[in-house]
Protein chains: 2
Amino acid sequence: MNTKIIHEAQNSPRDLSVIEKPAVSVSLLIFSINKGKLEVILIKRIRQPFEGFWSVPGDIISIEESLEEAALRVLHEKTGISDVYLEQLYTFGDLKRDSRGRVITIAYFALIPHNSVDLTKAPDALHARWTPVLNLPKELAFDHKKIVEYGSKRLKNKIGYSNIVQGLVPGKFRFSELQKIYEIILGEKLDKRNFRKKMTSLDIVRDTGEMYREGKHRPAKLYRFTTKNLVIYD
Amino acid sequence: MNTKIIHEAQNSPRDLSVIEKPAVSVSLLIFSINKGKLEVILIKRIRQPFEGFWSVPGDIISIEESLEEAALRVLHEKTGISDVYLEQLYTFGDLKRDSRGRVITIAYFALIPHNSVDLTKAPDALHARWTPVLNLPKELAFDHKKIVEYGSKRLKNKIGYSNIVQGLVPGKFRFSELQKIYEIILGEKLDKRNFRKKMTSLDIVRDTGEMYREGKHRPAKLYRFTTKNLVIYD
DNA sequence: ACAAAAGTGTTAGACATACACCCATGA
DNA sequence: TCATGGGTGTATGTCTAACACTTTTGT
């Protein structure tokens with residue numbers, strides 16, 4: 001033991017300006033539910049490297065903005081919205097992930113209701129697309145496939161013990177809508193009675209008193225989440 | 001919506017060398033159980049800023065090493081050991097966390113059996129100390145208090161649904177030792193019969209056939225973990 | 001009256017919790 | 001024989017999973 005202890009300048013050098021620094025970016029997984037599928041925004045790259053490949057939105061972090069600010073900025077640039085559930089996912093820093101040089105990326109994920117964005121109205125509409133997570137292109141730019149998969153996994157885990165799903169639903173919703181979203185993310189059918197029991201026993205949704213009338217069948221009660229805050233149960 | 005969409009150079013600038021970059025470091029929470037407490041290695045700073053304050057070990061990431069390599073390097077420098085459970089925790093990037101300039105730090109946590117390190121033999125022995133997590137100094141350097149607290153919370157959560165605790169125990173152990181570790185981390189007493197049932201039903205430990213004889217009482221069977229791999233259950 | 005989605009209860013099994021006594025050993 | 005930690009089983013409550021029919025509406 002201790003054969004190779006290096007006498008290290010403590011923690012970090014006196015002068016940060018002398019060291020060679022990696023570039024640091026944020027990458028943003030913007031998830032939504034659309035047409036029965038979990039989708040994520042991808043951007044077609046118009047430059048090398050990976051020209052023509054699809055990538056996750058992202059940008060270099062400015063020296064004057066925090067990580068979360070950078071993530072929110074990218075989100076706003078791509079979608080025009082700002083008030084969303086945002087969570088830091090993981091930081092990816094392999095040496096070769098970007099051929100232009102060393103780039104470390106801090107991945108975030110955001111959940112938005114699908115109707116809150118119209119990508120066709122975004123300035124780079126031709127290059128931004130909603131893509132089903134289960135139908136990704138074979139290859140994405142950089143290590144972005146890994147990032148999307150990591151994020152999907154986290155989402156799938158986390159809806160099981162938190163109320164994050166509310167990021168994906170409109171303010172008022174029917175129980176059947178909510179259940180559908182769980183089913184899509186989990187990839188399995190749920191029992192309607194048990195689902196209702198679970199949700200109500202956790203006190204995570206509340207009856208608004210309003211009804212939703214549509215089609216030739218019984219109207220549905222509309223519910224909302226009891227709180228906007230993230231709640232972790234279990 | 002979309003009132004302020006900025007036409008952005010896609011993803012990142014063509015030339016990474018022109019941008020002003022933050023420094024990037026790793027911070028390492030090295031946890032161990034000692035004298036009935038969960039402890040973490042802290043280092044007394046000998047330079048400004050926060051001279052004389054305790055801090056979490058860390059170092060600037062070299063341009064030629066991955067994040068995990070940097071974390072392992074710091075770990076090896078501080079403890080002389082390399083074969084440990086290491087997990088990325090979170091990335092902290094507030095603007096003002098380091099007064100010398102913009103520093104983003106990627107925090108990792110490592111779990112080691114206490115007897116595997118002798119800090120008094122480390123080169124900076126005077127400056128490195130095991131410190132009980134429940135007895136931290138009032139203030140730590142930078143945002144390190146937040147980091148330690150975040151890490152302790154993650155550890156506490158994760159022992160509930162994984163076998164990571166094995167990072168903290170020696171290769172062979174008595175059930176009572178294992179239980180003690182859970183109790184320390186969770187901060188509550190556990191029932192010995194229920195604990196044993198849980199562990200054996202999850203098939204996470206296995207009888208080695210060996211016995212541990214000590215003191216004037218019945219010898220204890222020695223167990224080991226069934227696998228070295230991380231196992232997530234639940 | 002029928003089609004379509006909304007809404008509702010009960011039962012059985014799995015799992016978690018609470019709890020108290022005997023065992024093997026060394027002094 | 002006694003003190004010490006090792007080792008074991010049962011009963012109860014709680015949570016989960018499986019399962020089918022009635023209600024309300026529009027056409």
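Chain A is the first sequence line, chain B the second, and so forth, proteins listed ahead of strands; every chain is numbered from 1. Source: prediction; values computed, not measured.
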In whole angstrom, what separates F195(A)'s CZ from dT16(D)'s P? 14 Å

Between dC21(C) (P) and K192(B) (NZ): distance, integer Å: 14 Å

Would you please classify the geometry between the F173(B) ring and the F225(B) ring as parallel, tilted or perpendicular, with 30° and 60° separating the classes? tilted

In whole angstrom, give the distance that lies between atom CG of L190(B) and atom C1' of dT17(C). 12 Å

Ring pair (Phe, Tyr, Trp, His ring centres under 6.0 Å) against H114(A), all qualifying residues, sequence neighbours excluded: W130(A)

For K172(B), what residues pass the side-chain hydrogen bond (donor to acceptor under 3.5 Å, both in side chains) criterion, not counting sequence neighbours? E210(B)

5' to 3', nucleotides 10-16 of chain C under a 4.0 Å protein heavy-atom cut-off (B base, S sugar-phosphate only, - none) gives B------

Rounded to the Å, how far apart are D191(B) CG and dT10(D) P? 15 Å

Rounded to whole Å, OH of Y223(A) lies from P of dA6(C) at a distance of 11 Å

Base versus backbone protein contacts along nucleotides 22-27 of chain C [heavy-atom cut-off under 4.0 Å; B, S, -]: -BBBBS

Any N or O donor-acceptor pair under 3.5 Å from the base of dA20(D) to the side chain of R193(A)? yes

Distance, rounded to the nearest Å, where M211(A) contributes CE and dA5(C) contributes C1': 12 Å

Between dT10(D) (C1') and R196(B) (CZ): distance, integer Å: 17 Å

Measure distances between side-chain N and O atoms of K221(B) and base N and O atoms of dG6(D), and say whether any donor-acceptor pair falls under 3.5 Å. no

Residues that K180(B) engages under salt bridge (charged side-chain N to carboxylate O under 4.0 Å, His left out), provided they are two or more places apart: none

For Y212(A), enumerate each residue passing the ring pair (Phe, Tyr, Trp, His ring centres under 6.0 Å) test, keeping only those at least two apart in sequence or located in another chain. none

DNA chain D-proximal residues of residues 170-186 of chain A, any heavy atom under 4.0 Å: none

Which salt bridge (Lys or Arg N to Asp or Glu O under 4.0 Å) pairs, counting each pair once, include a residue from residues 223-234 of chain A, with sequence neighbours left out? D83(A)-K228(A)

Output all residues satisfying side-chain hydrogen bond (donor to acceptor under 3.5 Å, both in side chains) with K145(B), sequence neighbours left out; order by chain, then residue number. none

Run the salt-bridge test on R73(A) and E77(A) with the 4.0 Å N-O cut-off and return the result as yes or no. yes

With sequence neighbours left out, what residues match E149(A) under side-chain hydrogen bond (donor to acceptor under 3.5 Å, both in side chains)? none

Going by the rule side-chain hydrogen bond (donor to acceptor under 3.5 Å, both in side chains), which residues pair with S176(B) if we only count those two or more places apart in sequence or in a different chain? none

So the salt bridge (Lys or Arg N to Asp or Glu O under 4.0 Å) pairs with at least one residue in residues 27-41 of chain B (sequence neighbours excluded) are none

